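One structure below.
These numbers come from a predicted model, not from an experiment. Chain A is the first sequence line, chain B the second, and so forth, proteins listed ahead of strands; every chain is numbered from 1.
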Amino acid sequence: MNTSAFSALTRINGFKILKQLFPQDIIVPRGVLEEYDRKFVTLPSFIKVRDLTPNQMSRANNLDLGQGEKEAIILAHDLGALLLIEDKKGRKICQDMNVEKTGTYGIIRVAFEECIITRKQMVEMIEKLKNDLYYGQQLIEWVLKARKR
Amino acid sequence: MNVVISQQDSSGKLFKQSLVPGTVSPNGRMLLAEEGQVSKHGIWEEIFVSTTSRKFEDIAPTVSPKYPYDIGIYAPGRISLGKIAELWGLHYEEMIEAIKRRGLHLDFGPRTPEEADLELESIRKHMRRKSH
């Protein structure tokens with residue numbers, strides 16, 4: 001998980017949803033926690049904090065991104081993990097490195113489709129992100145297309 | 001001390017104008033800097049304001065070399081939020097607020113609904129995966 005997604009999930013209190021969708025490992029590199037102001041959040045116990053190896057850190061430092069962003073991309077790349085990332089430049093680099101990615105919008109939509117949250121909760125969450133993080137109208141409409149499976 | 005802003009006319013030519021800090025710039029953008037306001041890189045003397053329809057990402061390299069990290073260089077896709085927060089010495093949430101105060105927009109997420117659709121497949125694939 002990257003810092004931008006961490007920020008978005010904190011805003012909608014969405015960590016528990018993430019745990020329900022991914023009961024396996026949810027990993028945050030240490031750089032994300034350092035980039036993020038800890039006063040805004042208490043880290044849930046099911047989120048694991050990972051340090052990069054010296055080799056990984058060396059590769060991360062070649063990326064022109066913030067510390068948390070570059071650590072998250074390298075970690076996701078090496079683990080073959082799905083990375084939650086919202087930031088445009090970070091997403092572009094994911095694409096170049098073939099790292100699979102999504103954002104909080106995707107998590108919210110799937111959470112509704114899997115009956116983890118109600119439509120009302122989905123709408124409230126996406127509206128919150130629209131106001132706080134300027135989610136565009138096109139993205140809002142995409143989330144609201146969700147249908148229960 | 002006045003704030004000196006560098007502007008571009010329609011031909012792209014740069015010129016400078018001195019303004020009272022905290023006032024509204026000619027293009028309607030409120031100046032962020034107040035007299036004596038100290039950033040990580042010193043006291044603000046010069047900020048860059050675009051008066052053209054060109055994007056910040058096109059003109060960012062002309063930001064005053066004295067303060068190359070003006071918040072105006074934030075342009076989604078060109079510099080990441082984490083990177084600019086690092087340059088400014090702010091935490092991530094503080095940076096988001098600073099960008100919003102400046103009147104710049106964050107631009108998160110996929111470029112198109114089709115890109116988001118592809119991501120749905122990735123989410124479902126990884127939901128079925130076992131622990132690392």
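Scanning for side chain to side chain contact (heavy atoms under 4.5 Å, CB included) contacts around Asp64(A) gives Lys89(A), Lys83(B), with sequence neighbours left out. Contacts of Gln137(A) classified as side chain to side chain contact (heavy atoms under 4.5 Å, CB included), with partners at least two apart in sequence or in another chain: Lys130(A), Ile140(A), Glu141(A). Residues passing the side-chain hydrogen bond (donor to acceptor under 3.5 Å, both in side chains) test with Lys120(A) are Glu124(A), sequence neighbours excluded.
To the nearest 0.5 Å, atoms OH (Tyr92(B)) and OG1 (Thr10(A)) are separated by 11.0 Å. Between the CD atom of Glu86(B) and the CD atom of Glu34(A) there is a distance of 10.5 Å, given to the nearest 0.5 Å.
In this structure a side-chain-to-backbone donor-acceptor pair under 3.5 Å is missing from Asp87(A) to Ser80(B).
Applying a 4.5 Å heavy-atom cutoff, the residues of residues 65-75 of chain A that approach chain B are Leu65(A), Gly66(A), Gln67(A), Glu69(A).
Residue contact with chain A, scored on non-hydrogen atoms closer than 4.5 Å, is absent for Ala85(B). Proximity to chain B (any heavy atom under 4.5 Å) is shown, for Leu21(A), by both the backbone and the side chain.
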Verdict with reasoning, Glu114(A) to Arg124(B), per side chain to side chain contact (heavy atoms under 4.5 Å, CB included): CA-CA 10 Å; Glu114(A) 296 292 323; Arg124(B) 295 198 179 282; 2.5 Å; yes
Stepwise side chain to side chain contact (heavy atoms under 4.5 Å, CB included) check, Glu35(A) with Met95(B): CA-CA 11 Å; Glu35(A) 201 169 67; Met95(B) 196 68 231; over 6 Å; no
Residue pair Gln138(A), Arg111(B): steps toward the side chain to side chain contact (heavy atoms under 4.5 Å, CB included) verdict: CA-CA 9 Å; Gln138(A) 202 179 28; Arg111(B) 288 187 178 84; over 6 Å; no
Worked check of side chain to side chain contact (heavy atoms under 4.5 Å, CB included) between Glu93(B) and Ser7(A): CA-CA 7 Å; Glu93(B) 290 295 322; Ser7(A) 168; 2.4 Å; yes
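Taking both residues in full, the closest heavy atoms of Trp142(A) and Leu120(B) are given as CZ2-CG, 3.5 Å, listed atom of the first, atom of the second, then distance. Taking each heavy atom of Ile107(A) and Ile123(B) in turn, the nearest pair found is N-CD1, 4.1 Å. Between Lys88(A) and Phe108(B), the shortest heavy-atom distance links the atoms NZ-O, 3.9 Å. The shortest heavy-atom contact between Glu100(A) and Ser122(B) is OE2-OG, 2.9 Å. When all heavy atoms of Gly109(B) and Leu139(A) are compared, the pair lying nearest together is CA-CD2, 4.5 Å. In terms of heavy-atom proximity, Leu106(B) sits nearest to Asp132(A) at CD1-O, 4.2 Å.
Transitive grouping of hydrophobic side chains (ILVMFWY, heavy atoms separated by less than 4.5 Å) keeps Met127(B) and Leu118(B) in distinct clusters.
Taking a 6.0 Å sphere around CG of Asp51(A), one finds it holds more than 12 heavy atoms contributed by other residues, nucleotides or ligands.
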